[in-house]
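Ligands are counted one by one from 1 in listed order, and the atoms in each one are counted from 1 as well.
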Amino acid sequence: MSAVGAVSSCSSLRSCLWLLKPGMQKMSSFGLHTAARCAARDYYEVLVLGGGAGGIAMSARMKRKVGARNVAVVEPSKTHYYQPLWTLVGGGVKQLAASARPMESVIPAGVEWIKSRVIALDPDKNCVWLENDVKVSYKYLIIALGISLHYEKIKGLPEGFNHPKIGSNYSAQTVEKTWRALQDFKEGNAIFTFPNTPVKCAGAPQKIMYLSDAYLRKTGKRPKANIMFNTSLGVIFAVKKYADALLEVVKDRDLAVNYKRNLIEVRADKQEAVFENLDKPGVTEVHQYEMLHVTPPMGPPAVLINSPVSDENGWVDVDKETLQHKKYPNVFAIGDCTNLPTSKTAAAVAAQSGVLDKTISLVMKNELPVKKYDGYTSCPLVTGYNKVILAEFDYNAQPLETFPIDQSKERTTMYHMKADMMPLLYWNALLKGYWGGPAPVRKLLHLGLK
Ligand SMILES: Cc1cc2nc3c(=O)[nH]c(=O)nc-3n(C[C@H](O)[C@H](O)[C@H](O)COP(=O)(O)OP(=O)(O)OC[C@H]3O[C@@H](n4cnc5c(N)ncnc54)[C@H](O)[C@@H]3O)c2cc1C
């Protein structure tokens, strides 16, 4: 696209300013192809796709780097949710409203909020397509589109949620139904599922089981409950140290774990859940339930499937240490939508945001990124109303713990950290671009012990 052509398509002076900036159309020394443009209505130096945990954290950081007026976030939702709180909402500890804030309150002041949905990406032209045929171009792109939920891949859902006795902590629409189903519990099976796909927060499907067990004990109904965790996986947790601790918990509390069981159908009118046995193709099991908690199948957002920025599975294809795109050096990604081989959590987003900030700073100066992400992720495994096992680990599924104590033990202090401290850290530090994960705290605490 020629500059003249681009000018004729500019809708405002501001959207054309990039054409006037000296050097803006030059290739960088190591092949940033930031010169290509489409006939876009608007141009931003940094364009962020998605206003979730990763998108807002990076917008705040980019605002400090290039100024608010040069950054825009594309996000269709009016509400931003702190999703990790939903475990406690489903367990009746917190209200859904406590996890929600208006999107406009979390978008950094002065940063443009484009209230739309991305429908296609054209990284060869540094351009994205939004709804209503609107195009926006950029110099640097940060993709933070999260992971998509697919309740519809289970026969009988999502319409089954109109019935009682069934809930799901994974969505704002269904999380309160979990708490209702738990309170309604009288007698029978309480079933908790884990799908046969990647998920966000792989601990959440079982955290709600431990809370339900605790609730049923508190209310005297536990002797009448048969609690089971039907998981598609072959292990209870990916990291041995925490898996061993969790196996002790399930034994101690008389919880049944059935491996390689994948939920394929819910007959909500009859309170029946149908599972396939992944070890025996064609064999299914039907369980009557008194309470069912569904963790839905998940996958990459539709816009990323078959996109030039994605790998063959639909996840954004980034370098696992720098978070820079493998083919397009002016494109970056963070969080659940990436193919980073670590567990998808907000804690991982925090650590990634610190690294990505450094990566982009260097790329903007035409230097090679050096800071390396080690895969840090964390999962506070809530095992009761005042207990948490704090799992923290890296790309190699090796523990990478912040505190100089045995974190595989159930602790009340860690519960308060999860329930009371983490939300504060999320709203006031991560989303403001000041929390890059606990690595400095870890260093300090561990050095202090030497
Ligand atoms: C029940 C539950 C419990 C959890 N517990 C924990 C926990 O204890 N600890 C922890 O660290 N993490 C936990 N998580 C995971 C954590 O919430 C996510 O990993 C984190 O939010 C990922 O951030 P993200 O920015 O990648 O995606 P998100 O925060 O999901 O944001 C993605 C954004 O992209 C937007 N978007 C999607 N498609 C488009 C489009 N086409 N165009 C524009 N915008 C689009 C969405 O509207 C959304 O705002 C939990 C999650 C759940 C559901």
Side-chain angles (χ1 to χ4, degrees), residues 47-59 72-91 96 99 103 106-107 113-121 128-131 136 142-149 167-172 174-175 178 198-208 211 293-296 298 300-305 307 315-316 333-338 340 342-353 356 376-382 388 390-392 414-415 417-419 422-423 425-426 430-431 435 437-438:
L47 183 64
V48 181
L49 307 182
I56 297 299
M58 289 316 297
S59 309
V73 188
V74 182
E75 168 60 60
S77 306
K78 290 197 179 88
T79 309
H80 179 107
Y81 287 103
Y82 174 55
Q83 301 168 41
L85 208 70
W86 292 350
T87 292
L88 300 180
V89 176
L96 178 60
S99 71
M103 190 60 72
V106 298
I107 305 253
W113 173 19
I114 304 176
K115 302 181 189 75
S116 186
R117 184 174 290 279
V118 189
I119 54 166
L121 289 88
V128 300
W129 267 253
L130 310 182
E131 289 165 323
V136 180
I142 300 175
I143 307 172
L145 292 169
I147 190 168
S148 287
L149 307 179
S168 173
N169 288 357
Y170 273 84
S171 132
T174 54
V175 58
T178 306
V199 298
K200 52 181 154 186
C201 194
Q206 60 183 293
K207 295 180 202 179
I208 186 61
L211 285 177
H293 178 268
V294 178
T295 299
M298 302 179 206
V303 63
L304 293 178
I305 295 170
S307 163
W315 307 107
V316 186
I334 183 168
D336 295 354
C337 67
T338 64
L340 297 169
T342 192
S343 183
K344 297 178 187 298
T345 65
V349 165
Q352 291 163 17
S353 70
L356 184 51
Y376 173 85
T377 188
S378 164
C379 184
L381 293 153
V382 181
V388 157
L390 182 61
E392 296 184 288
M414 294 302 159
Y415 178 85
M417 205 191 67
K418 152 86 188 160
M422 293 313 290
L425 200 60
Y426 182 87
L430 175 64
L431 294 192
W435 177 245

Answer yes or no: does an N/O atom from [X] fall short of 3.5 Å to an N/O atom of ligand 1?
X: A346; answer: yes
X: N169; answer: no
X: A347; answer: yes

Give the atom numbers and elements of ligand 1 that come within less than 4.0 Å of a heavy atom of [X].
X: R117; result: 40 (C), 41 (N), 42 (N)
X: Y170; result: 53 (C)
X: P76; result: 43 (C), 44 (N), 45 (C)
X: A144; result: 32 (C), 33 (C), 34 (O)
X: V74; result: 43 (C), 44 (N)
X: V349; result: 22 (C), 23 (O)
X: K207; result: 5 (N), 7 (C), 8 (O)
X: G335; result: 26 (O)

Point to revise | CA sep, side-chain torsions, deciding dist, call: L47, I114, side-chain contact (heavy atoms from CB on, under 4.5 Å) | key: CA-CA 10 Å; L47 183 64; I114 304 176; 4.3 Å; yes
**Study point:** Approximate separation, where rounding is to 0.5 Å, of K418 NZ and T87 OG1
**Key:**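 Between atom NZ of K418 and atom OG1 of T87 there are 5.0 Å.
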Hey, is [X] one of the residues with a heavy atom under 4.0 angstrom from ligand 1?
X: M103; value: no
X: L49; value: no
X: S77; value: yes
X: P380; value: yes
X: K418; value: yes

Considering only the protein, which heavy-atom contact is closest to [atom], and what is its distance?
atom: atom 14 (N) of ligand 1; answer: C201 CB, 3.5 Å
atom: atom 13 (C) of ligand 1; answer: P84 CG, 3.4 Å
atom: atom 29 (O) of ligand 1; answer: A53 N, 3.1 Å
atom: atom 25 (O) of ligand 1; answer: G54 N, 2.8 Å
atom: atom 31 (O) of ligand 1; answer: G52 CA, 3.2 Å
atom: atom 47 (O) of ligand 1; answer: E75 OE2, 2.8 Å
atom: atom 20 (C) of ligand 1; answer: D336 OD2, 3.9 Å
atom: atom 37 (C) of ligand 1; answer: L145 O, 3.5 Å

Distance-minimising heavy-atom pair for [X] and [Y]:
X: P296; Y: L149; answer: CG-CD2, 4.0 Å
X: G335; Y: V349; answer: CA-CG2, 3.7 Å
X: G50; Y: V73; answer: O-CG1, 3.6 Å
X: P198; Y: I147; answer: O-CD1, 4.1 Å
X: M298; Y: K200; answer: SD-N, 3.5 Å
X: A53; Y: L430; answer: CB-CD2, 4.5 Å

When you look for heavy atoms under 4.0 Å from ligand 1, do you find them on the side chain of [X], its backbone, both, or neither?
X: Q83; answer: both
X: Q352; answer: neither
X: C379; answer: neither

